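Here's the structure, in structure tokens; my notes come after.
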Amino acid sequence: MDTSTTKTHVVIVGGGFAGLGCARKLAKSDDVQVTLIDKNNYHQFQPLLYQVATAELGSGDVATSLRQTLRGHANVDVKMSEVMVADPKNRTVTTRDGQSYQGDFLVLAAGSQANFFHTHGAEQYSFPLYSLEEAERLRSRVLAVFEDADRDPGLLEKGALNFVIIGGGPTGTELAGALADMISLTMTHEYPDLAVKRAQIYLVEHGASLLAPFSVEAHEYAAHTLQRKGVRLLLGQAVTGVAPDRVGLSDGTSIPTRTVVWAGGLMASPLADNAGLPRGRGGRIEVQPDLTIPGFPGVYALGDFANIPGADGQPLPQLASVAQQCGVWTANNILAEIAGKPRTAFHYHDKGIMAMIGRDAAVAEIGRKRHELDGPIAFAAWLGVHAALMTGVRERVEAFIDWAWDYFSKNRPIQVLDRRDQNRIDWGEHSEPTVKH
Ligand SMILES: Cc1cc2nc3c(=O)[nH]c(=O)nc-3n(C[C@H](O)[C@H](O)[C@H](O)COP(=O)(O)OP(=O)(O)OC[C@H]3O[C@@H](n4cnc5c(N)ncnc54)[C@H](O)[C@@H]3O)c2cc1C
């Protein structure tokens, strides 16, 4: 690729909703040359990771090749590499293999990672759910505990079928619902010799309610729906530590388990540590309303990587729709700058929020209106919302087929235990008191 042309060079770090949204918009301009750098060669669709973890969707349904998505745009070059350092003063980034990329504009959209809040053992022993790799790892663990318990039912006493989800926000709530359905609708048939009914899902939430970003009625609806599905809610409880064989809670009790899922919070991806930029809540980069970083002309931070001020001055939530919209907005601001026009402040068009609680219940809040949806209507609404965020027609069609298959057949087409060797579970006793109270 020749970046020595008269074209304006834009370097984008991250091919998530924000970075890809920006790249796709810029790709349509003949005045711009784009280098898009991502540590993976795919764009991952995070809102559906919990479906990968519960074997409802395959990895290919939630990951799209960046090269394929941007194929046909000669002015976009994709590089698969991890950016280790960003130098905003020189609008340059350096990758793990020592390559440097300098742009006339630099767009930082490296997303987020799990925030363990220094909880003892959490990083080591829990399963976060923020990337495709993590979702695959969790799926393998869920399948592995069933396989092991099927061979040795004595493992039930060691909490083999206890699943503890930390965090009752949308990710934890959606996962709890999907896991409950997986166990009751599928595992009972797949493991007829195993006392699957002894499986127990615990959802631990520090606050007093689930689905904090939603209304009070939605909190109650979510709690009621999960309880109906047999999920035990531990509200107002904090996790004090995670050990290989159990999780400790703030009331002094502990739950024996080999599967602790961390859905307890997010922070900016590690690149934010190495950029020397002003940071706010969650370690995210502080940006101005037009998404530029104060003091660094031509440098933007977007999506989950940034604290983006909303109309009321409060930071906007970490949502795919926010990320996607600010990606396009940044592209427009860059094109405006090139044309000698002023940048404009980002305006988020809030289309509402939705959470699916298992396969037959959902809550959607659009403006001030709240909708509780049941059965196929919930499923159809959820399909529409998620398909609208997907990038390619092929992914939409394939995901639709898998979703519909799962919904109507109650089967899990992706119930394959891969990475068998990595999933040998240590069922030994761990008498050392690694869980602190
Ligand atoms: C489990 C889960 C469920 C969610 N559900 C919903 C939902 O239902 N609705 C909704 O609106 N939002 C949802 N979200 C939030 C939404 O997915 C995020 O807000 C959105 O993905 C943010 O987009 P982004 O582009 O900022 O970051 P990401 O989508 O995280 O993209 C960041 C990209 O940067 C790359 N990257 C990171 N570091 C580097 C580096 N150093 N070098 C190179 N590349 C790097 C990553 O590989 C990734 O491709 C969910 C999130 C999760 C985790």
Side-chain angles (χ1 to χ4, degrees), residues 11-23 35-54 62-64 66 69 78-86 93-97 99 101 107-115 127-135 138 165 167 169-175 178 211 213 261-266 268-275 282 284-285 291 301-306 308 316-327 330 348 350-356 362-364 382 385-386 388-389 391:
V11 174
I12 302 174
V13 181
F17 286 97
L20 187 57
C22 184
T35 303
L36 174 65
I37 311 170
D38 197 294
K39 61 184 175 185
N40 299 310
N41 72 348
Y42 53 82
H43 162 79
Q44 60 193 355
F45 195 86
Q46 285 179 338
L48 297 180
L49 291 180
Y50 78 93
Q51 299 229 346
V52 175
T54 52
V62 303
T64 324
L66 286 169
T69 304
V78 176
K79 294 282 177 233
M80 189 186 92
S81 195
E82 185 173 9
V83 172
M84 303 307 286
V85 181
V93 294
T94 306
T95 59
R96 185 179 279 283
D97 53 0
Q99 301 267 349
Y101 298 86
V107 178
L108 301 174
S112 46
Q113 61 177 340
N115 189 348
F127 289 77
L129 185 56
Y130 297 109
S131 70
L132 181 56
E133 276 178 36
E134 290 168 351
L138 175 57
I165 301 168
T171 300
T173 301
E174 287 192 320
L175 178 68
L211 291 182
V261 183
W262 193 266
L266 288 172
S269 90
L271 179 60
D273 299 337
N274 303 331
R284 289 182 275 273
I285 307 292
L291 305 170
L302 335 173
D304 281 9
F305 198 61
I308 302 170
L316 290 170
Q318 280 73 57
L319 288 174
S321 47
V322 172
Q324 202 172 51
Q325 287 180 36
C326 68
T330 295
Y348 173 52
D350 185 357
K351 294 181 188 158
I353 45 179
M354 180 171 188
M356 187 86 189
V363 58
W382 177 88
V385 168
H386 286 85
L389 282 169
T391 44

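Keep in mind it's a predicted model, so treat the numbers as computed, not measured. Counting starts at 1 for both ligands and their atoms, following the listed order.
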Q | Backbone or side-chain N or O of V13 under 3.5 Å from ligand 1 N or O | A | no

Q.
Suppose I only count heavy atoms of S321 and a 4.0 Å limit; which atoms of ligand 1 are within that range?
A. 11 (O)

Q) Under 3.5 Å, N or O to N or O, is Q46 touching ligand 1 that way? A) yes

Q. Among all residues two or more places apart in sequence or in another chain, which pass the side chain to side chain contact (heavy atoms under 4.5 Å, CB included) test with A268?
A. A272, R284, F305

Q) Would you say W262's side chain and G167's backbone share a donor-acceptor pair under 3.5 angstrom? A) no

Q) Evaluating non-hydrogen atoms only, which member of A110, G21, A306 is closest to atom 38 (N) of ligand 1? A) A110

Q) What about V83: any of its N or O atoms under 3.5 Å from an N or O on ligand 1? A) yes

Q | Whether Y130 side chain and G265 backbone form a donor-acceptor pair below 3.5 Å | A | yes

Q) Any N or O of Y130 that comes nearer than 3.5 Å to an N or O of ligand 1? A) no

Q. Short list, please: which atoms of ligand 1 are under 4.0 Å from a heavy atom of L129?
A. 1 (C), 53 (C)

Q.
So if I count the atoms of ligand 1 from 1 in the order they appear, which ones are less than 4.0 Å from some heavy atom of P47?
A. 3 (C), 4 (C), 5 (N), 6 (C), 7 (C), 8 (O), 13 (C), 17 (O)

Q.
Looking at T64, is its backbone amide N or carbonyl O close enough to the side chain of H43 to form a donor-acceptor pair, meaning the two atoms are under 3.5 Å apart?
A. no

Q: Output the distance between atom CD1 (I285) and atom CG (L271), rounded to the nearest 0.5 Å.
A: 7.5 Å

Q) Mind checking what makes side chain to side chain donor-acceptor pair (under 3.5 Å) contact with D38, not counting sequence neighbours? A) none

Q.
Would L319 count as a polar contact of ligand 1, with the cut-off being nitrogen or oxygen pairs under 3.5 Å?
A. yes

Q | Structural part of S81 in contact with ligand 1, heavy atom criterion under 4.0 angstrom | A | backbone

Q) Do the side chain of E174 and the main chain of M356 share a donor and acceptor less than 3.5 angstrom apart? A) yes

Q. Counting from 1, what ligand 1 atoms have a heavy atom of N40 closer than 4.0 Å?
A. 47 (O)

(Q) Could you check whether any side-chain N or O of Q51 sits under 3.5 Å from a backbone N or O of L48, counting only pairs where one atom can act as donor and the other as acceptor? (A) no

Q.
Give the atom numbers and elements of ligand 1 that come within less than 4.0 Å of a heavy atom of Q318.
A. 15 (C), 19 (O)

Q | N274 (side chain) donor-acceptor with M84 (main chain) under 3.5 angstrom | A | yes

Q. Quick one: which of A320, C326, A268 has a heavy atom closest to atom 11 (O) of ligand 1?
A. A320

**Q.** Structural part of A109 in contact with ligand 1, heavy atom criterion under 4.0 angstrom
**A.** backbone

Q.
Once you restrict to heavy atoms under 4.0 Å, what part of D304 touches ligand 1? Side chain, backbone, both or neither.
A. both

(Q) Any nitrogen or oxygen of D38 lying under 3.5 Å from a nitrogen or oxygen in ligand 1? Just yes or no. (A) yes

Q.
What I want to know is whether F305 and ligand 1 share at least one N or O pair that is separated by under 3.5 angstrom.
A. no

(Q) Just to verify, which of V85, T35, I37 counts as forming a side chain to side chain contact (heavy atoms under 4.5 Å, CB included) with V93? (A) I37

Q: Could you list which atoms of ligand 1 come closer than 4.0 Å to a heavy atom of G14?
A: 33 (C), 34 (O), 35 (C)

Q. Could you give the distance from CG (L49) to OG1 (T54), rounded to the nearest 0.5 Å?
A. 10.5 Å

Q. For ligand 1, which atoms sit closer than 4.0 Å to a heavy atom of T171?
A. 1 (C), 2 (C), 3 (C)

Q: Working to the nearest 0.5 Å, report the span between CG of L319 and CD of Q324.
A: 11.5 Å

Q) S321 and Y348: side chain to side chain donor-acceptor pair (under 3.5 Å), yes or no, with the steps? A) CA-CA 9 Å; S321 47; Y348 173 52; 2.9 Å; yes

Q | Close N or O approach (A18, ligand 1; < 3.5 Å) | A | yes

Q.
Using a 4.0 Å cut-off to any heavy atom of G303, which atoms of ligand 1 qualify?
A. 26 (O)

